[in-house]
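Step one of this worksheet: look at the structure below.
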Number of protein chains: 2
Amino acid sequence: MIQQLNKGDNQVKKIYELLKENDFKITPQRKVILNLFFDRIGEHLSAEEVYNILQENHPEIGLATVYRTLDLFAELDVLQKMSFDDGKNRYELNNNEIHHHHHLICVDCGKVTEFSDDLLEALEEQITRKTKFKINDHKVKFYGICKDCQETR
Amino acid sequence: MIQQLNKGDNQVKKIYELLKENDFKITPQRKVILNLFFDRIGEHLSAEEVYNILQENHPEIGLATVYRTLDLFAELDVLQKMSFDDGKNRYELNNNEIHHHHHLICVDCGKVTEFSDDLLEALEEQITRKTKFKINDHKVKFYGICKDCQETR
DNA sequence: ATGCTGTTGATATTAGCTATCAGTGAGGGT
DNA sequence: ACCCTCACTGATAGCTAATATCAACAGCAT
Ligand SMILES: [Mn+2]
Ligand SMILES: [Mn+2]
Ligand SMILES: [Zn+2]
Ligand SMILES: [Zn+2]
């Protein structure tokens, strides 16, 4: 019987290889935390939130390990690290399909919407040309009022 | 004799009026901290850094007041609040001339370069059209290698 | 199977920031 | 110029996200 693989499995395998390439070990804790993010695409989780979710099925994983693992995956660009100005860092899978979307933060209700299109190439090109600054990443946050909050007013 | 006013003084006066309009008092502490930012245009100061600078000429101003004043001015849009991912908030004067510039952060040496703001209108318009999200502010950070770090390699 | 070395969990510690509260003073009214 | 009121201040205690420490553990190369 041919082994069935879904898209997530393939991505996971690649990330395991990425760990190996960089001399990091594939530990059960890292597997579990990685799977958690594949199960929750679209959410922006803090370390504490990840830890709390783990309590149900993996209470043996310590909080320090959660912090360390999130940092490691962010370093490897597996997770994207971000902050919505609430005093804690948040993480989400750096999925190829939704690569580097922008975040729209509602200043009224705090909801975070995503916008996938990038459209920053022109600006980045202009910046590099003028400043000789070699750009390889960006973080863009838009603040405003979401659709729901505009209606309920 | 006609009172000589430089550009800074005029801006300061406007900010005093802004405080009055919003029923905030013009205290010596607020005057001093505001002046400090006019004296240090281009710097991105943390609360602790402001407090340390004040130690020389105004050691009577407490750290809590610094935090409160920075927050107040940020709320009034006099200062722009930002973070370069080093765990502390930073502030700089929201100068009319350099209004809302982007920050280019060198991942090698940590230096922050500025790039005056434009070319985002098209993107914002498209986002509003597609998502009905009413944008009224944005924060954009670019990460890469600065000119100096490219040369010394 | 063995050994090296990266990793982990528990916990102490740090650091940026906020809350508290009694005393102070800015500014409007007289 | 003198009150009066209440926003403001400084000192400091408290909070919380994140990091440092360290002995025990476990991937994984051999
Ligand atoms: Mn997102
Ligand atoms: Mn700046
Ligand atoms: Zn909203
Ligand atoms: Zn640099």
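Atom set for the values below is all heavy atoms of this structure, side chains included, hydrogens, waters and symmetry mates excluded. Throughout, a chain's letter reflects where its sequence line sits, starting with A, and its residues are numbered from 1.
In terms of heavy-atom proximity, B:Y143 sits nearest to A:F133 at C-CE2, 4.1 Å. Across A:L104 and A:F115, no two heavy atoms sit closer than the pair CD2-CB, 4.4 Å. Counting all heavy atoms, side chain and backbone alike, A:N57 lies closest to A:E60 at O-OE1, 4.4 Å. In terms of heavy atoms, B:A74 sits closest to B:Y91 at CB-CE2, 4.1 Å.
Defined by atom type and a distance below 3.5 Å, a donor-acceptor pair is missing between the side-chain atoms of B:Y67 and B:N89. With hydrogens and angles left out, the side-chain atoms of B:E92 and B:H101 include a donor and acceptor closer than 3.5 Å.
In this structure, A:T69 and B:G87 both approach DNA chain C, and ranking their closest nucleotides by distance from the 5' end singles out A:T69.
To the nearest angstrom, P of C:dC17 lies 12 Å from CG of A:D85. Taking atom OH of B:Y91 as the reference point, atom C1' of C:dG16 lies 11 Å away to the nearest angstrom. Between B:E48 atom CD and C:dA15 atom P the separation is 10 Å, expressed in whole Å. The distance between atom CD of B:E75 and atom P of D:dA7, rounded to the nearest whole Å, is 17 Å. One can place CD of B:E17 at 13 Å from P of C:dG27, the figure rounded to the nearest angstrom. A:I61 places its CD1 atom 15 Å from the C1' atom of C:dA10, with the value rounded to the nearest Å. For the pair B:R30 CZ and D:dG10 P, the computed distance is 11 Å after rounding to whole Å. At whole-Å resolution of the value, CG in B:N52 and C1' in C:dA15 are 14 Å apart.
Side-chain proximity of A:Y67 to the nucleotides C:dG9, C:dT8, D:dA17 is greatest for D:dA17. Considering only the side chain of B:K88, C:dG16 comes nearest among D:dT9, C:dT8, C:dG16.
Taking five base pairs at each end of the helix from C:dA1-D:dT30 to C:dT30-D:dA1 and finding the rotation axis that steps the C1' atoms of four pairs onto the next four gives two axes whose angle is 40°, to the nearest 10°.
Salt-bridge annotation for A:K81 and A:D71: present, with a side-chain N of the basic residue lying under 4.0 Å from a carboxylate O of the acidic one.
Annotation: side-chain hydrogen bond (donor to acceptor under 3.5 Å, both in side chains) contacts involving residues 121-132 of chain A, sequence neighbours excluded, comprise A:E124-A:H138.
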Expected string for nucleotides 20-30 of chain D under the B/S/- scheme (protein heavy atoms, under 4.0 Å, primed atoms plus P, OP1, OP2 as sugar-phosphate) is BB-----BS--

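Remark: B:Q29 is not in phosphate contact with C:dG25, judged by side-chain N or O atoms under 4.0 Å from OP1 or OP2. Distances shown here put every side-chain N or O of A:N89 at or beyond 4.0 Å from the OP1 or OP2 atom of D:dA17.
As judged by a 4.0 angstrom heavy-atom cut-off over every strand, A:D71 is placed among residues touching the sugar-phosphate backbone only.
Ring to ring, A:H44 and A:F84 are close: their centroids are under 6.0 angstrom apart.
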